[in-house]
Amino acid sequence: MAGTAKWYVVQTYSGYESTVKATIEKTVQSRQLQDQILTIAIPTETVTEITESGNSKTYDRKLYPGYVFVKMVYSDDTWHVIKGVRGVAGFVGASGNDPVPLSDEEVYEMGVEKREIIVNYAVGDTVRILDGPLSSFTGTVDSIEVENNSVSVIVSMFGRETPVEFELDQVEVISQ
């Protein structure tokens, strides 16, 4: 049943994100709904601020204040569980009563769920470019930055060696 689960965006009252998340998690446990409501997320980023006195302060900042993301199998039961939580204003993108799930692309772009990319090439390997205007060109991997989802490839264009940045999944190693 988890295969039909989709991500939905729940709008909360300001400052209620953590309370809503905790309440949904408790309800899922008590009603044994783990197979229908799989994940509750509040996407954050780590921010470091330098104070006037020169000290640094690090904290997590919500990327989307006022919103909680829920991966669930949509049904009347799960809708009522979410809507019944104190602090929930409703689902985002609801057409009539039915909420509209996020597309896979939106989920990754918003940082709700991380896509795991397996890099099977290394610096110095010859790779084929799979996507974009240089599609089907080949080049040599110059550097890989997994944290930034980027790879630098030296491509020969017009008789010149040119470094070009790609996302990790835009190139594949050429088997030798």
Side-chain angles (χ1 to χ4, degrees), residues 1-12 14 17-18 20-21 35 37-74 91-95 98-176:
M1 191 166 239
T4 59
K6 299 269 187 212
W7 282 100
Y8 295 89
V9 182
V10 177
Q11 186 173 12
T12 68
S14 182
E17 301 90 353
S18 298
V20 166
K21 179 181 182 207
D35 62 333
I37 299 177
L38 308 176
T39 311
I40 302 100
I42 303 170
T44 60
E45 64 181 348
T46 303
V47 178
T48 302
E49 284 185 2
I50 307 298
T51 61
E52 290 178 21
S53 61
N55 297 329
S56 64
K57 182 172 97 174
T58 303
Y59 61 94
D60 286 337
R61 177 172 61 191
K62 294 178 181 92
L63 289 175
Y64 307 101
Y67 297 96
V68 173
F69 295 79
V70 180
K71 186 171 188 175
M72 66 180 195
V73 177
Y74 179 75
F91 283 94
V92 173
S95 59
D98 295 339
V100 177
L102 293 174
S103 68
D104 289 342
E105 192 171 303
E106 289 170 324
V107 169
Y108 297 125
E109 284 176 10
M110 297 176 85
V112 178
E113 193 172 75
K114 301 291 182 212
R115 186 179 354 190
E116 187 175 320
I117 298 172
I118 298 168
V119 179
N120 61 351
Y121 47 84
V123 172
D125 284 353
T126 302
V127 292
R128 177 181 299 111
I129 298 158
L130 303 172
D131 202 10
L134 299 178
S135 173
S136 78
F137 272 62
T138 60
T140 306
V141 176
D142 186 42
S143 67
I144 300 171
E145 292 185 39
V146 177
E147 330 58 67
N148 297 333
N149 190 32
S150 70
V151 57
S152 178
V153 178
I154 304 293
V155 180
S156 181
M157 292 188 293
F158 311 113
R160 288 194 159 152
E161 301 286 304
T162 308
V164 183
E165 293 287 321
F166 295 99
E167 290 184 3
L168 293 173
D169 60 352
Q170 288 183 300
V171 300
E172 71 177 0
V173 70
I174 297 175
S175 45
Q176 298 167 353

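Closest heavy-atom contact between Lys62 and Thr44: CA-CG2, 4.1 Å. Scanning all heavy atoms of the two residues, the minimum distance from Val153 to Val171 falls at CG2-CG1, 4.3 Å. Among all heavy-atom pairs drawn from Leu168 and Ser150, the shortest one is CD2-O, 3.5 Å. Closest approach of Met157 to Leu134, counting heavy atoms only: SD-CD2, 3.7 Å. Shortest non-hydrogen contact noted between Val155 and Thr138 is CG1-O, 4.0 Å.
Scanning for side-chain contact (heavy atoms from CB on, under 4.5 Å) contacts around Thr48 gives Ser56, Thr58, with sequence neighbours left out. Take Tyr67 and apply the ring-ring contact (aromatic ring centres under 6.0 Å, His included) test, not counting sequence neighbours, and it matches no residue. Under the ring-ring contact (aromatic ring centres under 6.0 Å, His included) criterion, Tyr121 pairs with no residue at all, not counting sequence neighbours. For Glu45, the salt bridge (Lys or Arg N to Asp or Glu O under 4.0 Å) criterion is met by Arg61, not counting sequence neighbours.
One distance of note links OG of Ser135 with CG of Leu130; it measures 7.0 Å at 0.5 Å rounding. Interatomic distance, Phe137 CZ to Phe166 CZ, rounded to the nearest 0.5 Å: 9.0 Å. Asp104 contributes atom CG, which lies 6.0 Å from atom NZ of Lys6 (distance to the nearest 0.5 angstrom). Here the straight-line distance linking atom CG of Asp98 with atom CZ of Phe91 works out to 10.0 Å at 0.5 Å rounding. Expressed to the nearest 0.5 Å, how far OG of Ser143 lies from CD1 of Ile154 amounts to 8.0 Å.
Legend: salt bridge (Lys or Arg N to Asp or Glu O under 4.0 Å) pairs involving residues 128-142, not counting sequence neighbours, sorted by first then second residue: Arg128-Glu172.
Looking at Met72 and Tyr8, their side chains come closer than 4.5 Å, going by heavy atoms from C-beta outward.
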* Apply the test side-chain contact (heavy atoms from CB on, under 4.5 Å) to residues Val107 and Lys71: give CA-CA distance (whole Å), side-chain angles for both, the deciding distance (0.1 Å), then the verdict. => CA-CA 10 Å; Val107 169; Lys71 186 171 188 175; over 6 Å; no
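Relative ring orientation between Trp7 and Phe69 is described as perpendicular, the plane-to-plane angle rising above 60° on a 0-90° scale split at 30° and 60°.
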Can I get a per-line list of side-chain donor-acceptor pairs under 3.5 Å for residues 158-165, giving both atom names and the distance, sequence neighbours left out?
none

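Using a distance-only test at 3.5 Å, with no hydrogens or angles considered, a donor-acceptor pair links the side chain of Tyr64 to the main chain of Met110.
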